Q: 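Quick one: this structure, given as structure tokens, is what I'll be asking you about.
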Amino acid sequence: MLDRYSRQILFSGIGKQGQELLSQSRAVIIGCGALGSAQAEALARAGVGTLRLVDRDFVEASNLQRQTMFTEADAQDRLPKVIACANHIAQINSEIVTEPEIVDVNHSNIERLIADCDVVLDGTDNFATRYLINDACVKHEQAWIYGAAVGSYGVSMTIRPHATPCLRCVFEEAPPAASAPTCDTAGVIMPIISIVAAVQVSEAMKLLTAQTDALHGSLMQFDVWRNEWRRISLGPPAPDCPTCGLNRFETLEAESGEFAAVLCGRDAVQISPSHPTRVDLPALTERLRGSGEVKANEYLLRFKTEGYELTVFQDARAIIRGANDVATARTLYAKYIGN
Ligand SMILES: [Zn+2]
């Protein structure tokens, strides 16, 4: 163990004691796409003892240009991202415990997902989920590290509730271009992912080794194409911030019901059941065989019919490609999956 981490222990910021703290730490990564999988790999190599990995999606060929943890075989096998991540981490550092969670993050599970951990890292691609993380983390006094990347531009900020401004203090509303829950329709290059993830992981290592004075304490912005690096100082938390000032956690109180989220803006819709449930994937595979082409693995099935492609997960969630609107997606869901 000491040999594996020898260069990190030699670094004065970590040392033997810091390494010990890292090995006893638990980090939660929300979203295991480009940013999240890069964070997971770096934290596993650094020896952070337990990593809870949360993501709703599976690996696709279009991920491979920037999501360096994944391989062509992962895409071919349609592995959920958290499973692919856990598999690779087991090969990179077998001392690390991983807790993969194939779920859509929403108000009903975010508090459970961030519980019992030492730090939360943002690997999401949309502001709706970030406000959810912010609400849950402020409510439970949990430090979290915001990060985002689009095109060649990236941004990061570390939030320690009531000690620093929270996400809502800085962005009272989501920037218009970033408000839709889409998965990177705007395009992105890998180098900016690496930079943002590296800053987030450095901040996580400082937090996990109790070195808050080493945190950058600002809103960091980078553009690797325009060659701009900016560090915007942050004042104290805003006293009238609805979240950390007034303790109103609106996103956690959302009405329960059927969640439908439009993914990727153009041609995919996610449908989630209104009540927590499980799908018997082998049975559903058998049932759908007569209606179209169906392929399944341990975690999900993919069904092609009528020009649509339905991916169904064990939690009864479905991502329906080819559907341009929620109504069509709901109809297909009812027809082939049930409810
Ligand atoms: Zn605030």
Side-chain angles (χ1 to χ4, degrees), residues 25-31 35-36 39 52 54 105-150 153-182 196-197 199-208 210-222 230-255 261:
S25 296
R26 297 169 61 89
V28 176
I29 296 172
I30 308 281
L35 284 173
Q39 295 156 11
R52 180 175 293 158
V54 184
V105 177
N106 57 53
H107 72 272
S108 74
N109 58 21
I110 182 68
E111 291 177 77
R112 172 181 72 79
L113 292 168
I114 67 154
D116 316 317
C117 70
D118 302 300
V119 67
V120 176
L121 290 95
D122 172 19
T124 68
D125 59 1
N126 66 85
F127 257 79
T129 312
R130 292 191 183 106
Y131 283 135
L132 199 61
I133 297 171
N134 190 58
D135 277 4
C137 285
V138 171
K139 183 176 172 185
H140 296 281
E141 299 281 339
Q142 172 63 62
W144 75 281
I145 306 166
Y146 158 60
V150 64
Y153 168 82
V155 57
S156 185
M157 180 172 79
T158 301
I159 291 140
R160 287 186 299 133
H162 304 115
T164 70
C166 78
L167 189 70
R168 190 73 76 170
C169 291
V170 177
F171 302 105
E172 205 179 327
E173 280 174 42
S179 56
T182 70
V196 173
V199 170
Q200 289 179 285
V201 167
S202 307
E203 293 283 280
M205 291 169 76
K206 296 170 195 171
L207 283 168
L208 296 175
Q211 299 177 74
T212 49
D213 50 341
L215 296 166
H216 62 68
S218 54
L219 184 70
M220 299 266 259
Q221 296 180 319
F222 318 92
R230 219 173 296 147
R231 193 174 156 190
I232 300 167
S233 311
L234 300 168
D240 58 346
C241 167
T243 310
C244 70
L246 307 175
N247 287 326
R248 288 207 305 261
F249 309 115
E250 281 164 21
T251 67
L252 300 180
E253 288 147 21
E255 296 229 330

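Nothing here was measured: the structure is a model prediction, and the numbers come from that model. Both ligands and their constituent atoms are indexed starting at 1 by order of listing.
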Q: Does any pair with a residue in residues 107-121 pass salt bridge (Lys or Arg N to Asp or Glu O under 4.0 Å), and if so which ones, sequence neighbours excluded?
A: Glu101-Arg112, Glu111-Lys139
Q: With a 6.0 Å cut-off (strictly less than), is the heavy-atom count around CD of Gln211, excluding the residue itself, greater than 12?
A: yes
Q: Could you name all protein N, O or S atoms found under 2.8 Å from the Zn ion (ligand 1)?
A: Cys166 SG, Cys169 SG, Cys241 SG, Cys244 SG
Q: Look up atom CD in Glu203 and atom OG1 in Thr212, then write down how far apart they are to the nearest 0.5 Å.
A: 10.5 Å
Q: Are side-chain N/O atoms of Asp122 and Thr124 paired as donor and acceptor at under 3.5 Å?
A: yes
Q: Which residues satisfy the ring pair (Phe, Tyr, Trp, His ring centres under 6.0 Å) test with Phe222, sequence neighbours excluded?
A: Trp229
Q: With Asp135, which residues qualify under salt bridge (Lys or Arg N to Asp or Glu O under 4.0 Å), at least two apart?
A: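 With neighbours one apart ignored, the set is empty.
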